[in-house]
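Input: a single structure, listed below in structure tokens.
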Protein chains: 2
Amino acid sequence: MRKENSTNSINERYLHKKCALNVAIDIIGVRWASQIIFSISQGVNRFHLLKEELPNISEQVLSRKLKILEKQKIIIKTIIPDSTPIGVRYILTSRGEDLLPIFENICEWGKSYSLDFEN
Amino acid sequence: MRKENSTNSINERYLHKKCALNVAIDIIGVRWASQIIFSISQGVNRFHLLKEELPNISEQVLSRKLKILEKQKIIIKTIIPDSTPIGVRYILTSRGEDLLPIFENICEWGKSYSLDFEN
DNA sequence: CTGTATCCCCAACGATACTG
DNA sequence: CAGTATCGTTGGGGATACAG
């Protein structure tokens with residue numbers, strides 16, 4: 001349960017109000033989120049495929065992250081019809097698609113660290 | 001002290017190796033970092049000015065963040081000559097400047113949440 | 001004015017077992 | 001196949017006092 005009056009929460013709200021940049025950062029800046037969005041855009045769009053692609057993520061965490069991204073309207077969960085056992089496919093919303101060119105830019109920028117990463 | 005063999009650290013290294021996107025996200029995705037970079041670019045480039053601009057940040061945290069950004073070669077600390085008491089000015093490196101257009105894009109994207117933020 | 005030292009909190013992250 | 005329940009761990013974020 002979240003403590004709405006902790007300094008943590010107060011600062012979070014302060015930053016969100018200050019600039020939408022911070023809103024966006026709090027969405028894409030948590031662990032796995034960006035990688036999951038990118039993977040889904042590449043066609044890695046099912047639960048077990050994501051588990052294979054990201055072997056270090058636990059089912060618990062993957063499930064949690066997918067649910068959050070769905071709530072944020074970045075991905076949509078669709079049931080694959082006539083499948084046994086039940087199958088699920090995740091696809092990006094237009095809001096999610098809009099992130100892809102941004103990720104390209106961020107990725108380019110991050111590459112400057114691949115060289116001197118261990119300083 | 002950081003536990004280099006915690007799953008947390010292992011996953012961090014895994015993601016960094018997977019894609020530079022995750023390297024960049026871990027730099028700009030922590031609290032205050034993006035806002036500090038943006039503020040400095042706007043001329044809010046001194047310790048006490050940043051404290052005024054971000055009243056909810058403690059000196060401890062601001063100091064810590066500035067040091068990290070300096071280590072990441074995103075900002076540079078310059079001593080203001082002939083000042084008593086000692087004065088310090090922070091400026092962006094070219095690596096820091098490169099972030100500004102990216103921030104513009106992220107901010108634009110984030111604005112779509114200002115509407116339905118409390119869902 | 002620009003920090004550092006010390007200590008604490010708590011929310012994200014993760015492991016494991018279980019389920020429709 | 002696609003999750004959820006439960007609980008333990010970690011480390012970033014923060015408060016306060018002090019220092020050059």
Side-chain angles (χ1 to χ4, degrees), chain A residues 1-15 22 25-33 35-36 40 44-70 75 77-90, chain B residues 1-15 22 25-36 40 44-52 54-70 75 77-90:
Chain A
M1 62 189 78
R2 214 142 184 301
K3 306 208 173 176
E4 297 301 334
N5 283 323
S6 67
T7 313
N8 225 330
S9 296
I10 294 172
N11 281 342
E12 183 179 311
R13 285 196 295 272
Y14 170 79
L15 284 168
N22 298 306
I25 288 290
D26 277 355
I27 292 172
I28 65 176
V30 298
R31 180 163 289 177
W32 303 109
Q35 183 60 54
I36 289 173
I40 289 177
V44 186
N45 55 9
R46 304 194 48 178
F47 195 88
H48 71 278
L49 292 177
L50 285 164
K51 257 180 49 180
E52 287 163 25
E53 166 112 338
L54 311 169
N56 294 296
I57 197 172
S58 77
E59 297 179 350
Q60 176 35 272
V61 174
L62 178 55
S63 167
R64 202 188 293 157
K65 296 297 173 181
L66 288 169
K67 194 175 285 185
I68 293 171
L69 290 173
E70 199 186 350
I75 63 176
K77 175 163 71 174
T78 59
I79 308 292
I80 301 174
D82 307 326
S83 57
T84 47
I86 194 168
V88 167
R89 199 183 305 285
Y90 292 95
Chain B
M1 64 188 80
R2 212 141 185 303
K3 305 205 173 177
E4 298 301 335
N5 284 324
S6 66
T7 312
N8 224 330
S9 296
I10 293 172
N11 282 342
E12 182 179 310
R13 286 196 295 273
Y14 170 80
L15 285 168
N22 298 305
I25 288 290
D26 277 355
I27 292 172
I28 65 175
V30 298
R31 180 164 288 177
W32 302 111
S34 298
Q35 183 60 53
I36 289 173
I40 290 176
V44 186
N45 55 9
R46 304 195 49 178
F47 196 89
H48 71 277
L49 291 178
L50 285 164
K51 257 180 47 179
E52 288 163 25
L54 311 170
N56 295 297
I57 197 172
S58 76
E59 297 180 350
Q60 176 36 271
V61 174
L62 178 55
S63 168
R64 203 189 294 158
K65 296 297 173 183
L66 287 169
K67 194 175 285 186
I68 292 171
L69 289 173
E70 199 186 351
I75 63 176
K77 175 163 70 172
T78 59
I79 309 291
I80 302 174
D82 308 325
S83 57
T84 46
I86 194 169
V88 166
R89 197 183 306 283
Y90 291 96

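Residue numbers start from 1 in every chain, and the chains themselves are labelled A, B, ... in the order their sequence lines are given, proteins ahead of strands.
- Applying the salt bridge (charged side-chain N to carboxylate O under 4.0 Å, His left out) rule to A:R46 yields no partners; only residues at least two apart in sequence or on another chain are considered.
- By the side chain to side chain contact (heavy atoms under 4.5 Å, CB included) test, B:I79 is found to be paired with B:I86, B:V88, residues two or more places apart in sequence or in another chain being considered.
- Following rounding to the nearest Å, B:K3 (NZ) and C:dC13 (P) show an atom-to-atom distance of 18 Å.
- A straight line from CG of A:L62 to C1' of C:dT16 spans 16 Å, rounded to a whole angstrom.
- Nucleotide D:dA2 holds its P atom 14 Å from the CD atom of A:E70, rounded to whole Å.
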Inset, instruction - For side-chain contact (heavy atoms from CB on, under 4.5 Å), just list the numbers for B:K65 and B:Q35, CA-CA rounded to whole Å, side-chain angles, deciding distance to a tenth of an Å, and then say yes or no. - result: CA-CA 11 Å; B:K65 296 297 173 183; B:Q35 183 60 53; over 6 Å; no
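- In this structure, A:G29 and B:I25 approach most closely via the heavy-atom pair CA-CG2, 3.8 Å.
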Considering only distance and modelled atom types, tabulate donor-acceptor pairs under 3.5 Å from the side chains of residues 48-55 of chain A, sequence neighbours left out.
residue: A:K51; atom: NZ; partner: A:E59; partner atom: OE2; Å: 2.8
residue: A:E53; atom: OE2; partner: A:S39; partner atom: OG; Å: 3.1

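- A sub-4.0 Å separation between OP1 or OP2 of C:dG3 and a side-chain N or O of B:K67 is absent.
- Between the C1' atom of C:dG3 and the CD1 atom of B:I36 lies a distance of 14 Å, rounded to the nearest Å.
- Using a 4.0 Å cut-off, no side-chain N or O of B:K77 falls inside it from OP1 or OP2 of C:dT2.
- A:S6 pairs by the side chain to side chain contact (heavy atoms under 4.5 Å, CB included) definition with A:K3, A:N8, A:S9, not counting sequence neighbours.
- A:N11 pairs by the side chain to side chain contact (heavy atoms under 4.5 Å, CB included) definition with A:T7, B:R31, B:W32, B:N56, not counting sequence neighbours.
- Considering only side-chain N and O atoms, A:K51 lies nowhere under 4.0 angstrom from the phosphate OP1 or OP2 of D:dA2.
- Applying the side chain to side chain donor-acceptor pair (under 3.5 Å) criterion to B:R64, with sequence neighbours excluded, gives B:Q60.
- Per the geometry, CZ belonging to A:F47 stands 6 Å off C1' belonging to D:dA2, to the nearest Å.
- Look at CG on A:N5: it is 16 Å from C1' on C:dA11, rounded to the nearest Å.
- A close approach under 4.0 Å does occur between a side-chain nitrogen or oxygen of B:S6 and OP1 or OP2 of D:dG11.
- B:R46 has a side-chain polar atom (N or O) that falls below the 4.0 Å cut-off from OP1 or OP2 of C:dT2.
- Between B:Y90 and C:dC1 there is no side-chain polar atom (N or O) within less than 4.0 angstrom of OP1 or OP2.
- Each end of the helix from C:dC1-D:dG20 to C:dG20-D:dC1 gets its own axis from five base pairs, and the two axes differ in direction by 60°, given to 10 degrees.
- Among the protein residues, B:S63 comes within range of the nucleic acid bases, having at least one heavy atom under 4.0 Å from a base atom.
- For B:D26, the side chain to side chain donor-acceptor pair (under 3.5 Å) partners are B:H16, not counting sequence neighbours.
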Between protein and nucleotides 13-20 of chain D, what N or O pairs are separated by less than 3.5 Å?
residue: D:dG13; atom: OP1; partner: B:R31; partner atom: N; Å: 2.9
residue: D:dG13; atom: OP2; partner: B:K65; partner atom: NZ; Å: 2.2
residue: D:dG13; atom: N7; partner: B:R64; partner atom: NH1; Å: 3.0
residue: D:dG14; atom: OP1; partner: A:N11; partner atom: ND2; Å: 2.3
residue: D:dG14; atom: OP1; partner: B:R31; partner atom: NH1; Å: 3.1
residue: D:dG14; atom: OP2; partner: B:W32; partner atom: NE1; Å: 2.8
residue: D:dG14; atom: N7; partner: B:R64; partner atom: NH2; Å: 3.0
residue: D:dG14; atom: O6; partner: B:R64; partner atom: NH2; Å: 3.1
residue: D:dA15; atom: OP1; partner: A:T7; partner atom: OG1; Å: 3.0

